[in-house]
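Taking it in order: structure first as structure tokens, then the write-up.
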Amino acid sequence: LYCRLSINTQLLARVDHLMKVGKNNFRPPPKVESSVVRIEPRNPPPPINFKEWDGLTRICFVRKNKTLGAEFSQTGVLLMMEKNYKVHKAVKGEEVDKDFKIKDLVDKVLTDSGFKDKRARTMDIDDFMKLLHAFNSEGLHFA
């Protein structure tokens, strides 16, 4: 997967490559090759929280060549996840431990799920679904 657009398209639709169109079919000829694709919406759409999905994919594809361990260790990402964690705990009426460190929990999820050293560009939709489920099951949310 190359970017958020491609992963979101593949999540919501079936995409088929039909044919290549050579650059000589255009005037003036472009510097790139073109293709014709068919996009068929999935009906029904997958049962997923799209705000959570979008939050996860935004973080993963900011720098698609960095490992997920590096992406999720950035201060801005950790602050957002800590805030969301505390909000979700408060909504449930649960207390957050005083010695709680979001970085340790995020590292644990990434290590346990086997995605710490992976790069977003090498993952497929199933990997992202597993990663989202791993974060959500530990109480970490992106929305």
Side-chain angles (χ1 to χ4, degrees), residues 1-94 96-97 100-143:
L1 298 171
Y2 302 106
C3 63
R4 284 179 50 225
L5 177 62
S6 68
I7 192 170
N8 288 334
T9 302
Q10 291 179 29
L11 176 72
L12 298 172
R14 200 175 109 225
V15 180
D16 295 316
H17 181 265
L18 299 179
M19 68 168 72
K20 288 186 177 183
V21 179
K23 55 185 166 187
N24 295 331
N25 293 317
F26 300 97
R27 294 287 173 246
K31 295 179 181 176
V32 296
E33 295 292 326
S34 300
S35 291
V36 176
V37 296
R38 177 184 6 201
I39 301 175
E40 295 178 41
R42 295 190 192 277
N43 197 4
I48 191 168
N49 182 334
F50 293 107
K51 288 186 179 181
E52 290 277 333
W53 176 262
D54 187 56
L56 173 67
T57 57
R58 278 178 190 268
I59 293 168
C60 292
F61 282 101
V62 166
R63 299 278 187 264
K64 65 183 176 186
N65 291 324
K66 285 179 98 175
T67 63
L68 294 183
E71 289 286 356
F72 282 96
S73 64
Q74 295 177 14
T75 305
V77 172
L78 291 172
L79 288 173
M80 180 270 301
M81 292 184 76
E82 183 173 17
K83 178 183 164 197
N84 289 348
Y85 182 79
K86 289 179 178 179
V87 167
H88 281 275
K89 284 287 195 181
V91 167
K92 291 182 181 178
E94 299 174 7
V96 177
D97 294 335
F100 171 74
K101 290 190 173 28
I102 190 73
K103 185 168 179 29
D104 296 341
L105 184 56
V106 169
D107 281 343
K108 177 186 175 297
V109 170
L110 288 172
T111 303
D112 291 351
S113 61
F115 292 112
K116 186 168 185 170
D117 295 323
K118 290 212 174 193
R119 299 173 195 281
R121 66 180 164 83
T122 64
M123 295 169 59
D124 61 17
I125 288 188
D126 293 333
D127 291 336
F128 282 102
M129 294 278 222
K130 289 175 192 170
L131 183 60
L132 181 61
H133 177 70
F135 276 120
N136 288 168
S137 62
E138 289 290 333
L140 293 168
H141 296 275
F142 300 95

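What's counted below: heavy atoms across the whole structure, side chains too, no hydrogens, waters or symmetry copies.
- K23 has its side chain out of reach of V32: every pair of non-hydrogen atoms, C-beta onward, lies at least 4.5 Å apart.
- From K83, atom NZ reaches atom NE2 of H88 across 11.0 Å, with rounding to the nearest 0.5 Å.
- Minimum heavy-atom separation, N84 to A143: ND2-N, 3.7 Å.
- When all heavy atoms are compared, the tightest approach of L68 to C60 is CD2-SG, 3.7 Å.
- The CZ atom of R14 sits 14.5 Å away from the OG1 atom of T9 when rounded to the nearest 0.5 Å.
- Between E71 and V62 the shortest side-chain heavy-atom distance falls below 4.5 Å.
- Counting only heavy atoms from C-beta outward, the side chains of W53 and I7 approach each other to under 4.5 Å.
- If you take NZ on K64 and OG1 on T57, they are separated by 13.5 Å, rounding to the nearest 0.5 Å.
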Going through the distances and angles, do D104 and K108 end up as a salt bridge (charged side-chain N to carboxylate O under 4.0 Å, His left out)?
-> CA-CA 6 Å; D104 296 341; K108 177 186 175 297; over 6 Å; no
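- Side-chain contact check for I59 versus M80: some heavy-atom pair is nearer than 4.5 Å.
- The shortest non-hydrogen separation linking S73 to L78 is O-CD1, 3.6 Å.
- Between the side chain of R42 and the backbone N or O of L12, no donor-acceptor pair lies under 3.5 Å.
- The CZ atom of R38 sits 5.0 Å away from atom CG of D16, with the distance rounded to the nearest 0.5 Å.
- Put simply, the residue from F135, F61, F142 that forms a ring pair (Phe, Tyr, Trp, His ring centres under 6.0 Å) with F128 is F61.
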Given the rule in the side-chain contact (heavy atoms from CB on, under 4.5 Å) test, do L11 and M129 qualify, once you have shown the distances and angles that lead to the verdict?
-> CA-CA 10 Å; L11 176 72; M129 294 278 222; 3.8 Å; yes
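- Note that CG of L140 is 11.0 Å distant from CG of L56, once rounded to the nearest 0.5 Å.
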Criterion side-chain contact (heavy atoms from CB on, under 4.5 Å) on I48 and L132, from CA distance to verdict = CA-CA 10 Å; I48 191 168; L132 181 61; 3.9 Å; yes
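- Side-chain atoms of F50 and N8, non-hydrogen and from C-beta on, never get closer than 4.5 Å to each other.
- Under the 6.0 Å cut-off for aromatic ring centres, F72 and F115 do not qualify, their centroids lying 6.0 Å or more apart.
- Nearest heavy atom pair, residue S113 against residue A134, reads CB-CB, 4.2 Å.
- Scanning for ring-ring contact (aromatic ring centres under 6.0 Å, His included) contacts around H133 gives an empty result, with sequence neighbours left out.
- Here the CZ-OG distance, from R121 to S6, works out to 13.0 Å after rounding to the nearest 0.5 Å.
- Of all non-hydrogen atoms in S35 and H17, the two that sit nearest each other are OG-NE2, 3.1 Å.
- L110 places none of its side-chain heavy atoms less than 4.5 Å from the side chain of D117.
- In this structure, D54 and R4 have side chains that are in contact, with non-hydrogen atoms separated by less than 4.5 Å.
- R63 CZ: 12 or fewer foreign heavy atoms inside a 6.0 Å radius.
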